[in-house]
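A short worksheet on the structure shown next.
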Protein chains: 2
Amino acid sequence: MERRTVAARIHDLDAELTSAGRRAAHGLLGNYPLLGLAPVAEFAAGAGVSAATIVRFVAQLGFRSYPDFQRALREELEERSKSPLQRAATQAAGPSETSFLSGFLAQSARRLDETAALISPGEFETVCRRLAETKRTCYLAGGRFTDFLAGYLEAHLRLIRPGIRRLDGRPATSADQLIDVKAGDLAVLFDVRRYDPAMLEVARTLSRRKAHIVLITDEWLSPIARHARYCLPCRTETGRTWDANAVLLALAEAIIARVTELNWSTASERIGALEGD
Amino acid sequence: MERRTVAARIHDLDAELTSAGRRAAHGLLGNYPLLGLAPVAEFAAGAGVSAATIVRFVAQLGFRSYPDFQRALREELEERSKSPLQRAATQAAGPSETSFLSGFLAQSARRLDETAALISPGEFETVCRRLAETKRTCYLAGGRFTDFLAGYLEAHLRLIRPGIRRLDGRPATSADQLIDVKAGDLAVLFDVRRYDPAMLEVARTLSRRKAHIVLITDEWLSPIARHARYCLPCRTETGRTWDANAVLLALAEAIIARVTELNWSTASERIGALEGD
DNA sequence: TAACTTCTGTAACAGTAGTTCCACAAATAC
DNA sequence: GTATTTGTGGAACTACTGTTACAGAAGTTA
């Protein structure tokens with residue numbers, strides 16, 4: 001009695017789904033399986049379609065009626081709660097023909113785990129504490145494909161604390177931007193291969209002015225590492241054409257989360273103001 | 001609104017329960033909360049009492065009707081499914097053996113796995129094939145915290161194929177940018193909560209001009225979903241202050257990888273030119 | 001652009017669920 | 001042991017939910 005889960009059935013259909021049917025599918029998958037246990041009207045409202053569409057969708061999944069469909073969901077939920085271990089086992093063994101996407105995302109997940117092993121927890125904590133201090137100015141910059149990471153970190157840190165300044169990577173302007181740098185100031189630099197010469201130049205200048213550099217880079221380490229006081233390397237290698245920078249963003253988000261925690265008293269006010277607007 | 005769980009309410013009653021009422025209680029607690037999500041008759045059969053007893057029991061618990069009781073159970077179940085994240089979040093804050101960073105990254109990894117389950121492989125593949133076609137112009141845009149994702153995707157797609165155009169989110173300028181849009185053109189939009197009204201406006205315009213929208217959003221689905229032909233939702237919830245957008249970047253990278261593969265013959269030339277410079 | 005096909009929501013319909021009433025059974029008090 | 005109270009299940013009733021038919025909208029093709 002090989003029972004396919006409802007979620008699996010949805011993925012099977014996928015090509016045959018109409019636009020409204022797809023919205024129903026996404027709604028259900030979005031908070032699975034609870035929306036399906038609600039009455040049709042509620043399911044419909046939650047997915048932003050009409051009740052009739054839900055009924056058609058359920059019929060398409062191969063159920064004779066909506067109550068029938070709900071029964072299947074309940075049984076599925078029962079299975080799941082009974083044997084969490086067994087479920088994990090069958091789930092792992094189940095989809096032998098993994099799709100490109102799930103394969104890629106699984107790889108991405110593994111890179112995250114490897115990164116956790118690569119970075120020393122103490123160093124991470126120290127960096128976050130330094131970022132949480134508001135006495136010193138904090139500079140941010142990134143290279144060709146990493147500048148947006150600096151921007152993302154900047155946008156969040158700005159909400160948490162004052163004294164954040166973004167540097168743009170162009171050599172011409174960077175000199176001007178750096179005249180205010182004081183000894184002991186903090187600078188977070190992103191740099192992955194093919195390493196940006198302009199970034200190296202910025203790092204040299206910062207180093208000369210005795211700023212403390214936090215370097216976020218890949219496993220092969222940017223040449224900036226020689227000037228960095230703190231270095232947080234990430235696993236980015238994919239074995240494909242492009243390296244994966246999502247790991248760097250995850251690290252940036254970890255930093256944001258930790259600094260938010262450390263500075264919660266001041267951060268909560270600022271964030272509250274944002275929510276209000 | 002009293003926020004007590006149903007199980008707690010049952011324990012409160014305990015003394016006042018009659019013999020049949022107690023059987024109902026034990027039945028429900030026995031496989032909680034699934035039996036309560038079944039129709040009354042089934043609940044009654046499962047507990048070995050009559051339907052009327054179940055109704056009385058539910059009334060005794062303080063619910064105005066059986067559907068009301070079921071709604072409470074569903075909400076409870078929803079809370080419960082959310083809490084592992086929150087538990088993990090608070091756990092990392094305490095003096096635990098795992099470091100903040102590795103805990104956070106492990107969570108990020110899990111979100112990736114969940115996202116893989118959320119997106120149907122077929123839809124992903126279709127989107128990639130559409131992006132690989134070079135006949136149609138492809139527009140890209142993102143909201144407040146996601147614009148950089150559009151930028152990242154743009155930068156890579158530009159290397160793979162011609163006909164890429166980036167839209168900036170400001171309503172004033174977007175109208176001008178959209179005058180060239182032709183029916184059947186493709187548009188990739190990023191939007192996560194708190195959803196950007198300007199992005200919705202852009203989507204509306206694109207929809208009116210019969211462009212095909214690919215929406216990359218979070219599990220709660222941006223309102224743009226109503227106008228989207230393809231929708232790729234990501235698990236972003238962290239149980240913390242900030243949602244996690246690294247998943248979206250990972251998805252974007254998956255798209256880049258797949259489109260590169262599909263268009264390898266033309267992409268390799270262009271990339272080769274970049275390497276050489 | 002027009003004809004055609006397919007899809008989607010509205011509204012009426014039908015069936016089944018939840019609810020209530022009543023008679024009977026248990027338990028307790030006298 | 002009888003009278004009274006309380007609890008229980010069967011059966012009728014009502015209301016709501018799932019279903020279906022239809023007409024209009026959207027999309028597709030020539």
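- For the pair A:Arg64 CZ and C:dT16 C1', the interatomic distance rounds to 14 Å; values are reported in whole Å.
- The separation between B:Lys210 atom NZ and D:dA25 atom C1' is 11 Å, rounded to whole Å.
- Cation-pi check for A:Arg9 over A:Phe63 is met; the charged atom lies under 6.0 angstrom from the ring centroid and within 45 degrees of its normal.
- As rounded to whole Å, 13 Å separates atom P of D:dC16 from atom CG of B:Asp68.
- Here the side chains of B:Met199 and B:Phe190 are not in contact, with every heavy-atom distance at 4.5 Å or above.
- In this structure, CZ of B:Phe69 is placed 11 Å from P of C:dT19, rounded to the nearest angstrom.
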Might you list the N or O atoms of the protein lying below 3.5 Å from N or O atoms in nucleotides 3-7 of chain C, with each pair's distance?
none

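- Using a 30° and 60° split on the angle between ring planes, B:Phe43 and B:Phe69 fall in the parallel class, below 30°.
- Counting to the nearest Å, the P atom of C:dT20 and the OH atom of B:Tyr66 are 15 Å from each other.
- The rotation axes computed at either terminus of the helix from C:dT1-D:dA30 to C:dC30-D:dG1 lie 30° apart, taking five pairs at each end and rounding to 10 degrees.
- Atom CZ in A:Arg23 sits about 12 Å away from atom P in D:dA26, given to the nearest Å.
- Between B:Val192 and B:Ser222 there is no side-chain heavy-atom pair separated by less than 4.5 Å.
- When only modelled atom types and interatomic distance are considered, B:Asp218 and B:Thr236 share no side-chain donor-acceptor pair under 3.5 Å.
- For the pair B:Arg229 and A:Pro67, nearest-nucleotide mapping onto DNA chain D gives the more 5' position to A:Pro67.
- With rounding to whole Å, A:Arg71 atom CZ is found 14 Å from D:dG18 atom P.
- Ion pairing between a basic and an acidic side chain is recognised when a charged N comes within 4.0 Å of a carboxylate O; B:Glu133 and B:Arg161 show no such pairing.
- Residue-level contact check: B:Arg22 touches neither bases nor backbone, having no heavy atom under 4.0 Å from any strand.
- In this model, a donor atom of one side chain and an acceptor atom of the other lie less than 3.5 Å apart for B:Glu76 and B:Tyr32.
- In this entry the distance linking CD of A:Gln70 with P of C:dA17 reads 11 Å, nearest Å.
- Stacking of B:Arg258 on the aromatic ring of A:Phe100 is recorded, both the 6.0 Å distance cut-off and the 45° axial limit being met.
- Looking at A:His26 and B:Glu123, their side chains do bring a donor and an acceptor atom within 3.5 Å of each other.
- Inter-residue side-chain proximity for A:Leu77 and A:Leu37 is flagged as met; some heavy-atom pair is nearer than 4.5 Å.
- Contact check of residues 39-58 of chain A against DNA chain C (heavy atom, cut-off under 4.0 Å) returns A:Ser50, A:Ala52, A:Thr53, A:Arg56.
- From B:Asn245, atom CG reaches atom CG of B:Leu251 across 12.0 Å, with rounding to the nearest 0.5 Å.
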